[in-house]
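Before any comments, here is the structure.
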Amino acid sequence: MSERSTSPHDLDIHAVKQYLLSLQDAICSSLETVEPSIRFKEDAWDRPNGGGGRTRVIAGGDVIEKGGVNFSHVMGDNLPPSATADRPELAGGRFEAMGVSLVIHPNNPMAPTSHANVRLFIVYKDGMAPVWWFGGGFDLTPYYGFDEDCVHWHQTAYDAVESFGEGYYSRFKTWCDEYFYLKHRGEPRGVGGLFFDDFNEGSFEQCFSMMKAVGDAYTTAYLPILERRKNLPFTEQQRDFQLHRRGRYVEFNLVFDRGTHFGLQSGLGRTESILMSLPPEVRWTYEYHIEPGSEEAKLTDYYLTSKDWLAGAE
């Protein structure tokens with residue numbers, strides 16, 4: 001990160017917060033169009049220092065087994081270790097963070113899990129102008145892959161960011177592949193998408209615009225895939241495979257995810273909201289066996305490998 005300091009008067013924090021609240025509304029409304037039986041339930045929460053958020057969870061639906069779309073705006077007096085590991089000069093600074101984070105776990109094993117997050121982080125430290133950066137992205141975690149879904153997902157990602165800088169899609173795709181990687185398993189979490197963090201290239205307004213483009217692109221990327229896969233037939237064996245693969249999702253979120261670590265380490269987040277990303281059912285089986293050459297093996301042998309999904313795409 002090339003740290004960007006600026007006057008607090010140049011930061012339209014209110015505009016960012018209003019956008020994030022409207023994004024949460026828009027995503028929840030869009031997801032409810034594919035879920036016929038239930039709606040999101042909202043749980044508003046606050047902290048004595050003025051921070052707080054809106055947790056929205058949907059569970060037990062015909063299409064969505066569990067999902068959450070959360071907004072949070074928190075502030076604190078000392079940055080937690082997860083935020084200062086790469087920038088020790090900011091240790092001890094006051095901070096303000098706001099964002100929308102979501103995870104959707106469908107019932108059908110043919111429908112992938114999806115994750116998205118957009119956020120703004122600001123650090124205030126005596127003797128320094130405020131230091132700010134944006135982060136975000138979205139990634140897809142299939143259990144049974146479909147090439148057309150992967151191409152659509154990555155084309156939408158490309159369209160969201162490439163106009164802001166040539167090569168941004170390739171750069172953020174690589175960042176996503178490297179970040180959402182389970183080192184102890186030696187495999188990626190899914191088929192990737194976009195990931196950027198500590199981002200402050202250009203003006204505050206330019207970076208904010210790119211963050212908005214990413215946030216707005218999530219439903220364009222995910223809803224067509226969910227519509228195509230939500231009613232496909234599946235077997236109990238395929239459901240069992242889905243539950244075992246969800247275990248990888250849990251492992252990543254608890255062991256590696258910076259957002260999870262920040263929320264828990266800072267003590268300012270809400271634990272129930274932070275852990276809403278975990279699926280309702282998951283399995284770990286000692287020496288779980290996958291038959292070579294099977295559709296289950298194809299996930300790791302073909303889909304969870306480094307690919308340029310847009311190669312040859314018009």
Side-chain angles (χ1 to χ4, degrees), residues 23-41 55-70 100-118 136-160 176 180 188-195 213-235 238-239 241-243 245-246 248-250 252-253 276-282 295-296 298-299 303-304 309-310 313:
L23 177 65
Q24 184 190 35
D25 290 340
I27 291 175
C28 289
S29 295
S30 295
L31 288 168
E32 286 177 345
T33 66
V34 299
E35 179 54 72
S37 60
I38 58 173
R39 294 293 179 262
F40 281 89
K41 294 182 179 180
T55 297
R56 290 183 180 169
V57 175
I58 192 168
D62 294 334
V63 176
I64 301 172
E65 187 172 3
K66 182 186 175 188
V69 183
N70 292 351
V100 167
S101 180
L102 70 98
V103 178
I104 301 298
H105 294 288
N107 280 300
N108 196 316
M110 302 300 157
T113 287
S114 68
H115 161 260
N117 177 279
V118 287
F138 49 74
D139 63 286
L140 194 70
T141 305
Y143 307 99
Y144 292 89
F146 298 88
D147 283 16
E148 65 174 317
D149 294 351
C150 298
V151 172
H152 167 75
W153 183 261
H154 281 274
Q155 185 64 58
T156 307
Y158 178 95
D159 294 342
C176 186
F180 292 104
R189 187 171 81 173
V191 297
L194 299 171
F195 180 82
V214 171
D216 294 343
Y218 166 75
T219 52
T220 303
Y222 188 54
L223 288 186
I225 297 173
L226 189 57
E227 288 279 11
R228 283 196 291 265
R229 309 304 168 198
K230 65 181 183 178
N231 293 322
L232 291 180
F234 63 90
T235 66
Q238 290 169 329
R239 169 67 171 172
F241 179 68
Q242 177 198 42
L243 296 184
R245 289 302 307 181
R246 281 178 175 176
R248 302 290 206 267
Y249 206 93
V250 173
F252 179 87
N253 278 27
M276 68 83 197
S277 63
L278 302 182
E281 290 191 49
V282 63
E295 284 300 305
E296 291 72 29
K298 188 177 181 180
L299 178 69
Y303 285 99
L304 302 189
W309 288 105
L310 300 185

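Computed over heavy atoms, backbone and side chain alike; hydrogens, waters and symmetry mates excluded.
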Item to complete: Say whether, by atom type as modelled, one donor and one acceptor occur between the side chain of Asn108 and the main chain of Phe234 under 3.5 angstrom.
Response: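 No, Asn108 side chain to Phe234 backbone: no donor-acceptor pair under 3.5 Å.
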Practice prompt. Return yes if some donor-acceptor pair links the side-chain N/O of Gln24 with the main-chain N/O of Val69 below 3.5 Å, else return no.
Written response: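 Yes, Gln24 side chain to Val69 backbone: donor-acceptor pair under 3.5 Å.
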Worksheet entry | Worked check of side chain to side chain contact (heavy atoms under 4.5 Å, CB included) between Tyr218 and Leu23 | CA-CA 10 Å; Tyr218 166 75; Leu23 177 65; over 6 Å; no
Practice prompt. Determine the minimum heavy-atom distance between Pro279 and Lys66, stating which atoms define it.
Written response: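 What the structure gives for the nearest pair is C-CD, 4.4 Å.
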Worksheet item: Which atom names give the shortest non-hydrogen contact between Asp139 and Cys176, and what distance separates them?
Response: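 Distance-wise, the nearest heavy atoms are CB-SG, 3.9 Å.
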Fill in: side chain to side chain contact (heavy atoms under 4.5 Å, CB included) evaluation trace for Phe40 with Leu31
CA-CA 9 Å; Phe40 281 89; Leu31 288 168; 3.9 Å; yes
Discussion item. What verdict does the side chain to side chain contact (heavy atoms under 4.5 Å, CB included) test give for Leu304 and Arg245, after you've listed the backbone C-alpha separation in whole Å, the side-chain angles of each residue and the deciding distance to 0.1 Å?
Written reply: CA-CA 12 Å; Leu304 302 189; Arg245 289 302 307 181; 3.4 Å; yes
Discussion item. Rounded at 0.5 Å granularity, tell me how far CG in Leu102 sits from CD1 in Ile58.
Written reply: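 So the CG of Leu102 and the CD1 of Ile58 are separated by 12.5 Å.
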We want to know whether [X] and [Y] form a side-chain donor-acceptor pair, criterion being a heavy-atom distance below 3.5 angstrom.
X	Y	answer
Glu32	Ser30	no
Gln242	Arg239	yes
Tyr143	Thr113	yes

Worksheet item: Are Arg229 and Phe146 in a cation-pi setup, meaning NZ or CZ lies under 6.0 angstrom from the ring centre and within 45 degrees of the ring axis?
Response: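 Output yes; distance and angle both within limits.
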Fill in: Side chain proximity check, His115 to Thr141, heavy atoms < 4.5 angstrom
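Not touching, per the 4.5 Å side-chain cut-off.
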Worksheet item: So, for Tyr249 and His105, is the gap between ring centers shorter than 6.0 Å?
Response: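 Under 6.0 Å, so yes.
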Worksheet item: For Tyr158, does the OH atom sit with more than 12 other heavy atoms under 6.0 Å from it, leaving out its own atoms?
Response: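 Incorrect, the count does not exceed 12.
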Practice prompt. Assign the ring pair Trp153 / Tyr222 to parallel, tilted or perpendicular, where the plane angle (0 to 90°) is split at 30° and 60°.
Written response: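 The rings of Trp153 and Tyr222 stand perpendicular, inter-plane angle above 60°.
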Practice prompt. For the pair Gln238 and Met110, evaluate side chain to side chain contact (heavy atoms under 4.5 Å, CB included) and give the outcome as yes or no after the intermediate values.
Written response: CA-CA 9 Å; Gln238 290 169 329; Met110 302 300 157; 3.3 Å; yes
